[in-house]
Each structure stands twice: as C-alpha cells, then as structure tokens.
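What follows is a short report on a single structure.
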Amino acid sequence: SFTDFSVFKITFNAGPVNNIKRTSGTGILRVVDSKGALYGEGNDNDSGDPGALIHFVNTFYSKGDGNFSLLSNWETTDGNSPIALNLTNGRNLFTIRDGHTVTLDMDIDVRNLFIGEGASGSLVLGDNTTARTMLIRDSLSVLSGGSLTVSSNDAIHTLLLEGSIINQGTIDLYNSASQLADVDFYGVTKEIGPVMPQFANVTFKISSSFTLTSNITVNGYLSIETGA
C-alpha cells in the first residue's frame with residue numbers, strides 16, 4: 001500500500017503477458033503518457049479491467065477550434081486520438097493549446113485541465129441551452145492569455161472541482177442570472193489564484209478546505225457547508 005503516485009513516459013516492450021502486476025493494496029499507480037507493445041489497460045494485472053489500482057493516463061492536446069466531444073480534435077504527442085471513455089472516466093489530462101477555442105458540448109470528467117499554453121486558448125461552457133457539468137479531479141489551470149467563460153446561451157452549468165484553480169488568465173463564469181456556471185469545491189487542498197476569478201454561485205462542500213491567494217468576485221451566493 002502507498003499514497004497515489006505517477007510514473008511518466010514508460011516504454012513497455014514486447015515480453016511477458018502483463019506489463020504491471022498489482023492485485024491488492026491501497027493507492028493508485030498512474031502510468032502517464034507511456035507507450036509500447038505492452039502498453040495499456042488490457043495488458044496489466046490488477047483488480048479488474050479497468051481496475052482501481054493501476055490507471056493508464058494520457059495527455060490529450062487540442063488540434064484546433066471545435067467541440068470538446070469531437071474526438072478527432074484531440075491527440076497525444078504520438079498523434080493518437082482519445083476514445084469516448086477518455087473524456088468521462090476521470091483519469092486523463094487535457095490541454096487546450098494557444099489559439100484554440102474549445103466549446104464544452106457534453107458532460108466531462110477529467111483529471112487535469114489546462115487552458116492555454118501561456119499566450120491564448122479558451123474554453124467556453126455550453127453550446128446551446130443544455131446545462132453542462134465539468135468535473136475536474138485534480139487541478140484546473142488557466143495560463144496567461146487563456147480564458148474560461150460561459151456562452152451567451154441561457155443555461156446554468158456546473159463546475160465540480162476536487163483540486164486547485166490556478167488562474168493566470170481569465171475566469172469569468174457569470175454573464176447574467178440565466179447564463180452562468182455554479183462552482184462546487186470538494187477535497188482538502190485548494191488554491192484559488194493568483195489572478196482574481198469571477199464566479200457566479202460558489203459552494204465549499206463538507207470536509208473541503210481551501211486557501212485563497214487572490215481576491216475572488218462572487219456574483220451570486222457563497223455557501224460554506226458545516227465542516228468545511
């Protein structure tokens with residue numbers, strides 16, 4: 001048993017039947033951005049397929065403007081596109097590159113989301129009047145020049161965050177009372193900053209804790225549940 005940890009860029013060459021064997025214990029081993037003949041969930045030996053003890057994780061980069069659900073608009077550094085499950089299983093990392101605008105047209109569950117690479121790049125929540133939910137299990141990073149905004153369609157979206165918000169660009173989740181995104185914070189470690197974000201409604205859920213490294217603007221309600 002151990003605390004969760006990650007290994008990066010491993011090459012699994014042809015050989016034994018299994019690339020990794022781990023059938024008991026606690027903690028998650030994350031294999032990130034790796035490759036090779038024995039790479040992948042189907043070649044490990046853990047608690048299931050997919051299992052809870054070993055996670056194979058990819059970083060996907062946007063290829064241009066488009067909807068988040070468009071699988072062909074994402075690629076790894078090896079040029080591989082995701083499958084639909086990669087957008088909803090909470091294991092993968094996504095980067096919206098400079099100059100690209102991605103529109104959230106589905107509910108997603110990702111580990112990390114990076115918006116921009118230091119110059120531009122944007123994510124717009126909502127493609128119509130359907131409310132969307134975005135769950136981020138680790139950190140949301142909006143780099144310098146990047147932006148996270150809501151669309152001009154009437155819808156109330158939801159951002160669920162289990163990690164930190166690193167904002168060096170623009171986060172504006174409030175257009176009007178009918179065009180906004182609620183934010184719910186979970187977990188025990190939070191950073192919100194260093195650039196001031198603009199929120200709509202904010203809830204710090206039970207057992208969550210957080211650290212503000214900048215001011216925040218809340219245009220609706222701020223709720224701190226008992227035990228937060």
Verdict with reasoning, Phe60 to Asn80, per side-chain contact (heavy atoms from CB on, under 4.5 Å): CA-CA 9 Å; Phe60 296 103; Asn80 298 315; 5.8 Å; no
What do the steps show when you test Leu143 against Ile115 for side-chain contact (heavy atoms from CB on, under 4.5 Å), and what is the final call? CA-CA 6 Å; Leu143 301 189; Ile115 302 175; over 6 Å; no
For side-chain contact (heavy atoms from CB on, under 4.5 Å), just list the numbers for Phe210 and Phe204, CA-CA rounded to whole Å, side-chain angles, deciding distance to a tenth of an Å, and then say yes or no. CA-CA 9 Å; Phe210 54 93; Phe204 292 98; 3.3 Å; yes
Could you go through Thr59 and Thr95, starting from their C-alpha distance and side-chain angles, then the distance that decides it, and tell me whether this counts as side-chain contact (heavy atoms from CB on, under 4.5 Å)? CA-CA 7 Å; Thr59 302; Thr95 294; 4.2 Å; yes
Would you please test Thr130 and Asn128 for side chain to side chain donor-acceptor pair (under 3.5 Å) and show each step? CA-CA 6 Å; Thr130 301; Asn128 53 36; 3.1 Å; yes
Asn153 and Ser151: CA distance, side-chain angles, deciding distance, side chain to side chain donor-acceptor pair (under 3.5 Å) verdict: CA-CA 5 Å; Asn153 299 295; Ser151 74; 3.2 Å; yes
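Under the 3.5 Å distance criterion, the side-chain polar atoms of Asn58 are left unmatched by any main-chain donor or acceptor of Val32. Judged by distance alone, the side chain of Lys63 and the main-chain N or O of Ser72 form a donor-acceptor pair under 3.5 Å. With hydrogens and angles disregarded, a donor-acceptor distance shorter than 3.5 Å links the side chain of Glu225 to the backbone of Ile206. Of the possible donor and acceptor atoms, one in the side chain of Asn86 sits under 3.5 Å from a partner among the backbone N and O of Ile83. The closest donor-acceptor contact from the side chain of Asn73 to the backbone of Gly64 lies under 3.5 Å. Of the possible polar contacts, none joining the Asp138 side chain to the Asn112 backbone as a donor-acceptor pair under 3.5 Å is found. Under the 3.5 Å distance criterion, the side-chain polar atoms of Asp98 are matched with a main-chain donor or acceptor of Ser120.
With Asp4 as the fixed residue, the salt bridge (Lys or Arg N to Asp or Glu O under 4.0 Å) test singles out one of Arg30, Arg91, Arg111: Arg30. When each of Asp107, Val110, Leu160, Leu113 is checked for a side-chain contact (heavy atoms from CB on, under 4.5 Å) with Met134, only Leu113 meets the rule. The side-chain contact (heavy atoms from CB on, under 4.5 Å) test with Leu29 is passed by exactly one of Val7, Asp46, Leu53: Val7. Considering Val124, Leu140, Asn167, Thr170 in turn, Leu140 is the only one that fulfils the side-chain contact (heavy atoms from CB on, under 4.5 Å) rule with Leu148.
Sorted by first and then second residue, the salt bridge (charged side-chain N to carboxylate O under 4.0 Å, His left out) pairs involving residues 125-137 (not counting sequence neighbours) are Asp109-Arg137, Asp127-Arg132, Arg137-Glu162.
Ile96 contributes atom CD1, which lies 10.5 Å from atom CG of Asp65 (distance to the nearest 0.5 angstrom). Atom CG of residue Asn67 and atom OG1 of residue Thr101 lie 11.5 Å apart, to the nearest 0.5 angstrom. Atoms CD and OG1, from Gln179 and Thr129 in turn, are 11.0 Å apart once rounded to the nearest 0.5 Å. Here the CD1 atom belonging to Ile108 is positioned 8.5 Å from the CG atom belonging to Leu135, to the nearest 0.5 angstrom.
Both Leu222 and Leu159 sit in one connected hydrophobic cluster of ILVMFWY residues. Membership requires side-chain heavy atoms under 4.5 Å apart, directly or through other members. Ile165 is connected to Val150 through a chain of hydrophobic side-chain contacts under 4.5 Å among Ile, Leu, Val, Met, Phe, Trp and Tyr, so both are in one cluster. Ile28 and Ile10 fall into different hydrophobic clusters, where Ile, Leu, Val, Met, Phe, Trp and Tyr are joined by side-chain heavy atoms under 4.5 Å apart, directly or via other members. Both Leu71 and Leu123 are assigned to one and the same hydrophobic cluster, defined by single-linkage of ILVMFWY side chains at heavy-atom distances under 4.5 Å. Under a hydrophobic clustering in which Ile, Leu, Val, Met, Phe, Trp and Tyr are joined whenever their side-chain heavy atoms come within less than 4.5 Å, directly or via other members, Ile156 and Val183 fall into different clusters.
For the pair Lys205 and Ser208, the tightest heavy-atom approach, listed with the atom from each and the gap, is O-OG, 2.6 Å.
Between Asn13 and Leu38, the closest side-chain pair of non-hydrogen atoms is not below 4.5 Å. Using a 4.5 Å cut-off on side-chain heavy atoms (C-beta onward), Leu93 and Val57 make contact.
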Donor-acceptor pairs under 3.5 Å, side chain of residues 194-203 to any protein atom, not counting sequence neighbours: which ones?
| from | atom 1 | to | atom 2 | distance (Å) |
| --- | --- | --- | --- | --- |
| Gln198 | NE2 | Asp172 | OD1 | 2.7 |
| Gln198 | NE2 | Asp172 | OD2 | 3.3 |
| Asn201 | OD1 | Tyr221 | N | 2.9 |
| Asn201 | ND2 | Asp182 | OD1 | 2.9 |

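Using cut-offs of 30° and 60° on the angle between ring planes, the pair Trp74 and Phe94 is perpendicular.
In summary, the side chains of Ser164 and Ser139 do not present any donor paired with an acceptor at a separation below 3.5 Å, with no hydrogens or angles considered. Side-chain contact annotation: Asp78 with Thr76, donor-acceptor N/O pair under 3.5 Å absent. Counting only N and O atoms by type, the side chains of Asp105 and Thr103 include no donor and acceptor under 3.5 Å apart.
Under the ring-ring contact (aromatic ring centres under 6.0 Å, His included) criterion, Phe5 pairs with Phe2, not counting sequence neighbours.
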